[in-house]
Amino acid sequence: MKWSDGESYIEIDTPLAFNFAQCLVFLGRSEQENLHRINDGYLYKLLKFDEEFVLCKIGCKPNSIHIDFPLTSPSKDTREKIAVYLWEWFDLHRNLSPFYEMAQKDTILQPLAQKYDGLRMIGMPDLFEALVWAVIGQQINLTFAYTLKRRFVEHFGERQTFERETYWLFPTYEKIAAISVDTLRQLQFTARKSEYIIGIAKLMAGGELTKESLLQKEDYLHTKRTLMAIRGIGAWTADYVMMKSLHCPTAFPIADVGLHNALKIQLGQERKPTIEEITQIATHWKGWQAYATFYLWRSLYD
DNA sequence: CACCAGGGACTAC
DNA sequence: GTAGTCCATGGT
């Protein structure tokens with residue numbers, strides 16, 4: 001990763017096939033999102049490292065991402081962590097050339113790759129955030145899922161205010177490990193989801209589940225099995241988290257309803273494709289299932 | 001009012 | 001292993 005440190009700002013070199021505006025479209029998909037704000041072409045995100053809050057104002061230049069710090073100037077050590085966070089958030093380490101070459105020969109992906117050229121996998125560097133968001137999203141419509149996430153963040157997350165706007169941090173697993181099922185039930189989480197989320201928080205608080213250990217697993221299936229052994233994490237959630245937080249390119253939530261709807265639309269069919277049909281279609285996507293899924297999700301927001 | 005929603009656990013066979 | 005059932009609640 002290449003980045004330059006200007007002390008009061010940082011700049012991260014962007015790879016080929018990167019389009020900041022495309023990424024902002026995806027990040028702006030919900031009005032209820034409270035973990036970042038988009039205003040006038042800039043992306044605002046609150047982060048915290050070692051008790052140090054940092055508000056980032058993120059914009060783009062021709063070949064780089066430029067980050068200013070409107071609230072306080074972070075230390076050098078923190079500036080490096082911010083660069084790493086952004087690197088992960090926008091999946092900047094990945095060379096997309098093979099994906100676009102593959103997409104060029106795929107009738108479904110070809111128009112999407114052209115239309116959303118430069119869109120990167122928008123990740124979730126925080127493993128706990130990815131897990132909770134996935135559990136929240138199980139079997140409910142996205143609008144309600146965002147409502148639940150907003151309540152969750154605003155009840156248990158820390159905040160900073162800048163120019164009359166409030167910026168939120170996702171709650172920590174330490175905090176959630178200590179709450180009761182009843183507390184989440186009051187926010188209209190189901191009892192089951194409350195148990196899953198608190199259970200996951202306790203595993204992480206106890207050091208039994210870490211992003212580092214998951215990343216150390218040998219292969220896709222081993223990692224997926226490890227995740228699926230946790231109560232509340234099935235095949236869909238495991239793939240979702242591997243895709244968004246572990247940057248696994250072969251993660252493929254094949255049972256995803258959004259994926260089914262996107263394929264139905266792209267294929268111009270009256271019905272959604274079956275799992276067997278999707279398996280067949282996806283044989284072309286080998287090695288890039290996560291990106292294929294992500295671009296299909298993106299197509300739902302036009 | 002019916003059906004759906006970015007599923008998963010649990011049970012029975 | 002897999003098919004059936006329940007979970008629970010808002011959106012459309």
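These values consider heavy atoms only, across backbone and side chains, with no hydrogens, waters or symmetry-generated copies. The shown structure was predicted, so the numbers you read here are calculated from the model rather than taken from an experiment.
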For a quick check of understanding: with a heavy-atom distance under 4.0 Å over all strands, which category does [X] fall into, base, sugar-phosphate or nothing?
X	answer
A/F252	nothing
A/R185	sugar-phosphate
A/A134	nothing

Between [X] and [Y], is there a shared hydrophobic cluster once you connect ILVMFWY residues whose side-chain heavy atoms come closer than 4.5 Å?
X	Y	value
A/Y220	A/M121	yes
A/M228	A/W133	no
A/L71	A/W168	no

Please report, rounded to the nearest Å, how far the [atom2] atom of [N] is from the [atom1] atom of [X].
X	N	atom1	atom2	answer
A/R151	C/dT9	CZ	C1'	10 Å
A/W297	B/dA5	CH2	P	15 Å
A/L184	C/dT9	CG	C1'	15 Å
A/K193	C/dT9	NZ	C1'	9 Å
A/I136	C/dT9	CD1	P	15 Å
A/I275	C/dT2	CD1	P	13 Å
A/M243	B/dG7	CE	C1'	16 Å
A/Q186	C/dT9	CD	P	13 Å

Quick one: which protein N/O atoms are closer than 3.5 Å to N/O atoms of nucleotides 2-4 of chain B? Pair and distance per line, please.
none

Q) Looking at A/R120, A/K244, A/K211, which hits salt bridge (charged side-chain N to carboxylate O under 4.0 Å, His left out) with A/E88? A)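 Exactly one pass, corresponding to A/K211.
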Q: Start with the C-alpha gap between A/D182 and A/S180, add the side-chain angles, then the distance that decides, and say whether side chain to side chain donor-acceptor pair (under 3.5 Å) holds.
A: CA-CA 5 Å; A/D182 267 0; A/S180 70; 5.4 Å; no
(Q) Both conditions, 6.0 Å and 45 degrees, for the charged tip of A/K175 above the ring of A/F156: are they met here? (A) no
Q) Considering heavy-atom distances to DNA chain C, does A/T143 or A/Q139 have its closest nucleotide positioned more toward the 5' end? A) A/Q139
Q) Shortest non-hydrogen contact from A/K149 to A/N34? A)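 So the minimum-distance heavy-atom pair works out to CE-OD1, 4.3 Å.
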(Q) Other residues, nucleotides and ligands only: do more than 12 of their heavy atoms fall within 6.0 Å of NZ on A/K48? (A) yes
(Q) Take a 6.0 Å sphere around OH of A/Y42 and say whether it holds more than 12 heavy atoms from other residues, nucleotides or ligands. (A)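 For A/Y42, atom OH is not crowded (no more than 12 foreign heavy atoms under 6.0 Å).
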(Q) Output one letter per nucleotide in nucleotides 8-13 of chain B: B when a protein non-hydrogen atom lies under 4.0 Å from the base, S when only the sugar-phosphate is that close, - when neither is. (A) SSS---
